[in-house]
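Written out below as C-alpha cells is the structure these notes cover.
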Amino acid sequence: MKKLFMFLAVAGLATFGASCSSSDDNAPEQKQLTLSSDAKDNTVVEGTTVKFSAKVDGKEEAGAEFYVNDTKVSNPYKFDTEGSYKVVAKKDKFKPSAVMTITVTKDGQPPVEKRTLVLTADKEAVFVGGKVKFTVKDDLGAAVAGFKIKQVGGAEITGDEWTATAAGDFKFVASKDNYEGSNEVSVAVTVDPNALVLALVTNPDEVFAGSAMTVSLKDASGAKVAEAELFLNGTATGIKSNAEGLYVITPNIAGDYDLQAKKGSSVSNSLLVIVNEAPLPDTEIDGTFVYKGATSNVEEGAILLDGIYYTNEARTEVEAVWNLVAVGDDGKVSIVIFSTPASGNEEDGYAPALPTPTNASIDVIAVVDAQTGEPLDTAEEGTLSFGATPNENGTVFTGIVTAGATLGGQPFTLNLDGDLIFGRTQRSEGFAASKKSLTSKASKAKGVKRGFNLAKIAKSVR
C-alpha cells in the first residue's frame, strides 16, 4: 500500500510539472513596435529637430524609448552634425522596432561619401636609427595631404617620416577629418650588428649642471669607438669621442638631454640624460653695503662670469665681464659689473683672467630694487678691490671684496668678507668643453660689449 501511494504521488508531481511547463508555450507572442518620424523621407539638414513615434497595430504606444546609434535620447531629438544615424524604438514587453536611418545633410545637399585612407611605408624593416617614409592615398588612389600619422599605442609622428630609436615591432595608422581611418602598417626594427651603443658612465644621480659627466661609446662587439660626433637633441655639437671611446662633457643647464652619436653611416641609440640643478654649496658671508646713508646687511653674494666680449667694433681686443651681486635684507641689491683681461684667440677660444685686487676695471656700479629690478641709482666710475679666490673646483670664491662709488650724490660702499657663489649668466642648453675651471675655460666671444640688463642680473642669484 505504501509503495502504491508513493507511485501515485510521484506521478502526480510529474503531471503537475508537465502542465506548468506547457503553460509557457501558450504565452502570447510579443508585438513589434513600428517606428516613424516627422522627417520627410527621413532626411533633414543639420540643426533640425525630429519627432519620433512608436505604434502598435496603428495606435501610438505611450512610454516607448528612442535610441540613436545605441544611445538613449530625448524625443524630439535635434541632429546637429552631418551623417547617417540609426534610430530604434524600444519598450518593455514589446519587440524593438526595425532600424530607421535618419540622413543629416549640409544645406540640403546629399552627404559626401567618405573615402578610406590607405597608408603605405617605403620600408617594412629597418635598423635602429633608420628612417621610414610614409605615403597616404585614398581608396581610389588619389594622393591625400594634411593627414596625421600616429604610432599605435604611442604618439603622433611629425610629418611623413619616422626615425626608429629602439628595437621592436611598431604599427602605424593615418587619419584625417572626413576620411575613414587607414589600415595598419607594421615596421620591424632591429639592432644593426654594426651599430654604436651610447651609455652614461656617470651615476645618474650625480649628473648636475656645471659639472662634468662621462658618456661611453662602443660598437656591437663592445669595442671602444673613437672620433664619433655627439648630437644633442638632433643637432651636431662638434664634440667627438676620445681614444677611449668617451665623451667628458659639462652640461650648461638643467634639463633633459637627448644624446646620440654618429660615425660615418653608423648611428647609436638615443640616450636620454636628465641633468639636475647643481646643489648650492654651503656658504657663509658677512657683509654690508651703504646707499644714501642706509646700511643693508648682505644675505647672499655671488660672482657671475658673464662672458668674453670684444672691446671695439674691429673685434681685435677682448676682455672678460663679471657681475658681483650682493642681496640685501631690505629689498635692495648691489651690483658691480667689472672687466678683467682675457687671453686666447678666435679659433681656439678665450679664457678670462681671474679678478684680483688690481686688475678689475669698473663698468657699472648700481643699486637695484629687488622686487621690480629697476635701478635706483647707477654710476660708471668707482673702485673695486677683489681679494676673493676660488676653491679647488671653482664653485665658491672666498675672501674680502670692497667697492665704492658715488650714487645719488652720496657715498656708496660695499664690504664683503666670506663666500661668494660662483656661476655663469646667460647660459643655454649645451656643453662646456671641460669641467668648470676658471683658469682653463675657453669660449668664443659673445660680441661687442654694450649695455647691461641690471634686472636680469639682480634675479640671477634669487
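Predicted, not measured: the structure shown is a model, and the values here were computed from it. Along the sequence shown, residues are numbered consecutively beginning with 1. Computed over heavy atoms, backbone and side chain alike; hydrogens, waters and symmetry mates excluded.
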Side chain proximity check, [X] to [Y], heavy atoms < 4.5 angstrom:
X	Y	result
L140	R115	yes
Y67	V87	no
P352	I308	yes
S186	K171	yes
I249	L230	yes
V118	N183	yes
V207	V273	yes
L217	V215	no

Does atom [atom1] of [X] have more than 12 heavy-atom neighbours, drawn from other residues, nucleotides or ligands, at distances under 6.0 Å?
X	atom1	result
D177	CG	no
K263	NZ	yes
D330	CG	yes
K176	NZ	yes
N203	CG	yes
Q151	CD	yes

Inset, instruction - Kindly say whether the aromatic ring centers of Y85 and F79 come within a distance under 6.0 Å. - result: yes
Inset, instruction - Output, in order, the C-alpha distance, side-chain angles, deciding distance and verdict of side-chain hydrogen bond (donor to acceptor under 3.5 Å, both in side chains) for K332 and S296. - result: CA-CA 8 Å; K332 301 186 188 72; S296 302; 4.7 Å; no
Check for a donor-acceptor pair, side chain of [X] on one end and backbone N or O of [Y] on the other, with a separation under 3.5 Å.
X	Y	value
N359	L354	yes
N75	F52	yes
D419	T398	no
T340	A353	yes
T214	V201	no
S182	A174	yes
E46	E82	yes

Assess the side chains of [X] and [Y]: does a donor N or O sit below 3.5 Å from an acceptor N or O?
X	Y	value
N297	T288	no
T49	K78	no
D377	Y291	yes
S270	D258	yes
Q260	S268	no
T402	N415	no

How far apart are the closest heavy atoms of [X] and [Y], and which atoms are they?
X	Y	value
S211	T250	N-CG2, 3.6 Å
A228	Y247	O-OH, 2.6 Å
V187	K123	CG2-O, 4.0 Å
A360	L384	CB-CD2, 3.7 Å
V128	A167	CG2-N, 3.6 Å
A320	A342	N-CB, 4.0 Å

Inset, instruction - Starting from the C-alpha separation in whole Å, work towards a yes-or-no answer on side-chain contact (heavy atoms from CB on, under 4.5 Å) for V298 and L416. - result: CA-CA 8 Å; V298 175; L416 302 174; 3.8 Å; yes
Does a side-chain N-to-carboxylate-O contact under 4.0 Å join [X] and [Y]?
X	Y	value
D122	K133	no
E156	K150	no
E229	K240	no

Below 30° counts as parallel, above 60° as perpendicular, anything between as tilted: where do the rings of [X] and [Y] land?
X	Y	value
F397	W322	perpendicular
Y310	Y350	perpendicular
F170	F172	tilted

[X] side, atom [atom1]; [Y] side, atom [atom2] - distance, nearest 0.5 Å:
X	Y	atom1	atom2	value
I335	L324	CD1	CG	9.5 Å
F147	T135	CZ	OG1	7.5 Å
D139	L117	CG	CG	8.5 Å
I400	D417	CD1	CG	4.5 Å
I365	I337	CD1	CD1	10.0 Å
S216	L271	OG	CG	9.0 Å

Legend entry - Lys/Arg cation over aromatic F231: K262, 6.0 Å, 45° cone: yes
Legend entry - Audit row: F412, V290, side-chain contact (heavy atoms from CB on, under 4.5 Å) steps and yes/no: CA-CA 5 Å; F412 165 85; V290 178; over 6 Å; no
Inset, instruction - Decide yes or no on side-chain contact (heavy atoms from CB on, under 4.5 Å) for V173 and V152, but give the supporting numbers first. - result: CA-CA 7 Å; V173 292; V152 176; 4.0 Å; yes
Inset, instruction - Check step by step if side-chain contact (heavy atoms from CB on, under 4.5 Å) holds for V267 and F127. - result: CA-CA 10 Å; V267 181; F127 291 131; over 6 Å; no
